[in-house]
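These notes concern the structure reproduced below.
By convention here, the first residue in the shown sequence is residue 1. As a basis for the values below, the full set of heavy atoms in this structure was taken, side chains included, without hydrogen atoms, waters or symmetry mates.
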Amino acid sequence: MFTQTNRTVVVVGAQWGDEGKGKLVDVLAERADWVVRYQGGANAGHTVDLGDHSFVLHQIPSGILHGGVRCAIGNGVVLDPEKLFTEIDELVADGIDVEGRLYVSDRAHLVLPYHKLIDGESAHSQSLGTTGRGIGPAYEDKVARRGVRVLDLRNRDRLRELVSRGVERANAQLIGFGSAKRADVEETLDELCRLGERLLPLAEDVGLMVYRAQKTGAAVLLEGAQGSLLDVDHGTYPFVTSSSTTSGGASIGVGIAPTSIDAVLGVVKAYTTRVGTGPLPTEMDEPMEERVRALGNEYGATTGRARRCGWFDAVVVRYATRINGLTDVAVTKLDVLDTLDRIAICTGYEYDGDLHTEFPGDITALDRVVPRYEWMEGWQRSTSEARQMSELPDQARKYLDRLQELIETRISYVSVGTRRDQIIGL
């Protein structure tokens, strides 16, 4: 992905999340100078398998596993400082050098204890299948212009004012939920002051740092969380996350110009998954869904929840290609399909008496769709040792060729296992 002309690259999920972005960022980070996370929060779970050890990263960019790569958390992230330091301490305990390599935008908003209380007690959050980590309430406060940012930790008087108002609002909501739980101003301030001693030394103007790095010709990788179909504007609303997960959110979430982005890599599974409620038009019938779930270990890295599994949906990925401006696609978990005798690809939706090849914005339409499938012969051979396209079975290559044709974007990477080395770069 990185060339003399492609120096700033965005990695986005092109389905409903859990596509394997962490692995692709890890692979690309070997040639990067900077890796910057641009949205989401501790609700993300990017897994990197080094063979002898696996890391699950929630807020820290996956590039931290490569020595010498600088990593930053952008202003578009809602930061859980307690979880951040737990993550840092675990990395250090595993021998990963973090000192002097990790920065946090001083404009990033904080996830506070009362955000988690609201998220955990809200019936609305539970009906949407959120992770309960306070992400939605923190973004609500940000948009309502009442949030607490990292830089507010430098001003104790302003911090007390913001927290006092936040606790008052939170407790009013908790009473409305019928909950006996309450937030406390002094406890919240004490925790923030304690965490602030470690957080403020990491706080920087990340947008300026990345801009200056770009000016010197540095290779910059921008890492998103969740997936395009969970975007608050372009996803299956209201069953979405609270941020802009698409490539457009990268420039906003880091603080750089959109014209400085050179390429966008979309990551997709060779099939489709999503966690929680909401539309999944190609959801498999049992027992095939359970079979694929077991083969792919489809359980959330953050929540542990079982993922719903469906066939590859070319309508979804073609839509993600358009709204992200994908220049390349990486297909992950091809190996999960190795034992299947037949594999389906959704090429269109039938509803209201017509065939549709564009993804609808109305989820009531998605409730009525009947996927039109194209069935392909499985290869029923292991792909896990392949390191070149020529080493894949003929039927696997035909499957990938058909996906590329349907999504109208070049497939540049194919992952055939969880380990860092199990990848084909085209």
Side-chain angles (χ1 to χ4, degrees), residues 1-14 19-39 46-50 55 57 60-74 76 96-97 101-103 206-225 228 245-268 320-321 324-332 387-389 404 407 409-416 419-426:
M1 289 295 294
F2 288 115
T3 65
Q4 287 187 339
T5 54
N6 287 354
R7 305 306 293 162
T8 299
V9 176
V10 182
V11 175
V12 299
E19 302 95 346
K21 296 179 294 297
K23 176 175 179 175
L24 267 297
V25 171
D26 175 65
V27 168
L28 293 173
E30 188 174 6
R31 290 181 289 151
D33 299 300
W34 281 82
V35 180
V36 188
R37 172 80 177 277
Y38 65 82
Q39 50 76 222
H46 291 178
T47 303
V48 179
D49 182 359
L50 303 187
F55 294 87
L57 300 167
I60 297 175
S62 304
I64 201 70
L65 301 177
H66 290 270
V69 176
R70 294 188 177 187
C71 295
I73 297 171
I96 304 299
D97 181 20
R101 298 178 50 219
L102 179 65
Y103 308 92
V206 165
L208 180 60
M209 296 179 82
V210 174
Y211 170 79
R212 287 174 172 168
Q214 289 176 315
K215 285 292 187 181
T216 67
V220 178
L221 196 58
L222 307 180
E223 178 183 9
S228 299
T245 61
T246 51
S247 61
S251 60
I252 296 170
V254 176
I256 56 174
T259 51
S260 70
I261 294 171
D262 302 310
V264 183
L265 175 68
V267 185
V268 300
T321 296
N324 287 291
L326 299 185
T327 57
D328 300 84
V329 166
V331 177
T332 65
R387 297 298 179 268
Q388 300 179 42
M389 280 293 287
Q404 184 170 257
I407 65 179
T409 309
R410 177 180 62 181
I411 294 174
S412 297
Y413 296 92
V414 179
S415 175
V416 291
R419 297 196 317 269
R420 177 186 278 175
D421 66 309
Q422 290 180 299
I423 195 159
I424 300 169
L426 309 182

- Check whether any side-chain heavy atom of Phe55 lies under 4.5 Å from a side-chain heavy atom of Ile64, and answer yes or no. no
- Message: Working note: Asp328 + Tyr413, criterion side-chain contact (heavy atoms from CB on, under 4.5 Å); need CA distance, chi angles, decisive distance, verdict.
- Response: CA-CA 9 Å; Asp328 300 84; Tyr413 296 92; 6.0 Å; no
- Distance (rounded to the nearest 0.5 Å) between Thr3 OG1 and Arg31 CZ: 9.0 Å
- Query: Which pair of heavy atoms, one from Leu221 and one from Ala32, lies closest together, and at what distance?
  - Reply: CB-CB, 4.4 Å
- Message: Nearest 0.5 angstrom please: Leu265 CG to Met1 CE, how far?
- Response: 5.0 Å
- Task: Output, in order, the C-alpha distance, side-chain angles, deciding distance and verdict of side-chain contact (heavy atoms from CB on, under 4.5 Å) for Asn324 and Ser228.
- Result: CA-CA 8 Å; Asn324 287 291; Ser228 299; 2.8 Å; yes
- Message: How long is the straight-line distance from CZ of Arg420 back to CD of Glu30, given to the nearest 0.5 Å?
- Response: 7.0 Å
- Does Asp262 reach the main-chain N or O of Val9 with its side chain, forming a donor-acceptor pair under 3.5 Å? no
- Message: Around atom OH of Tyr211, are there more than 12 heavy atoms from other residues, nucleotides or ligands closer than 6.0 Å?
- Response: no
- Item | Minimum heavy-atom distance Leu326-Ala320, with the two atoms named | CG-O, 4.0 Å
- Task: Write down the atom of Gly74, the atom of Val206, and the distance for their closest heavy-atom approach.
- Result: CA-CG1, 4.5 Å
- Query: Is any side-chain heavy atom of Asp421 closer than 4.5 Å to a side-chain heavy atom of Arg387?
  - Reply: yes
- For Ala250 against Leu222, the heavy-atom pair lying closest together: CB-CD1, 4.0 Å
- Query: Do the side chains of Val11 and Glu223 get nearer than 4.5 Å, heavy atoms only?
  - Reply: no
- Query: Side chains of Tyr103 and Val210: does their closest heavy-atom pair fall under 4.5 Å?
  - Reply: no
- Item | Close side-chain approach of Arg101 to Val69, heavy-atom, < 4.5 Å | yes
- Task: Go through the side-chain N and O atoms of Ser415 and Lys23 and say whether any donor and acceptor fall under 3.5 Å apart.
- Result: yes
- Arg70 CZ: over 12 foreign heavy atoms closer than 6.0 Å: no
- Stepwise side-chain contact (heavy atoms from CB on, under 4.5 Å) test for Leu24 and Ile423: CA-CA 9 Å; Leu24 267 297; Ile423 195 159; 4.0 Å; yes
- Message: Using every non-hydrogen atom in the two residues, find where Cys71 and Gly63 come nearest and quote the distance to one decimal.
- Response: SG-C, 3.5 Å
- Task: State, yes or no, whether a side-chain contact exists between Ile96 and Leu65 at a heavy-atom distance under 4.5 Å.
- Result: yes
- Query: Is a side-chain donor or acceptor of Arg37 paired with a backbone partner of Pro61 at a separation under 3.5 angstrom?
  - Reply: no
- Task: Return the minimal non-hydrogen interatomic distance between Asn6 and Ala263, and the atom names on each side.
- Result: ND2-CB, 3.8 Å
- Query: Less than 4.5 Å apart, any side-chain heavy atom of Gln214 and any of Ile256?
  - Reply: yes
- Task: Could you tell me whether a side-chain N or O of Thr409 sits under 3.5 Å from a main-chain N or O of Ile407, the two making a donor and an acceptor?
- Result: yes
- Would you find a donor on one side and an acceptor on the other, under 3.5 Å apart, between the side chain of Ser412 and the backbone of Val329? no
- Message: Rounded at 0.5 Å granularity, tell me how far NZ in Lys21 sits from CG in Asp26.
- Response: 14.5 Å
- Between CE of Met389 and CD1 of Ile411, what distance do you get to the nearest 0.5 Å? 7.5 Å
- Query: Would you call Asp49 and Arg419 a salt bridge, taking side-chain N to carboxylate O under 4.0 Å as the test?
  - Reply: no
- Query: Just wondering, do Trp34 and Val254 contact through their side chains at under 4.5 Å, heavy atoms?
  - Reply: no
- The side-chain contact (heavy atoms from CB on, under 4.5 Å) partner of Val12 among Val264, Thr245, Thr246 is Val264
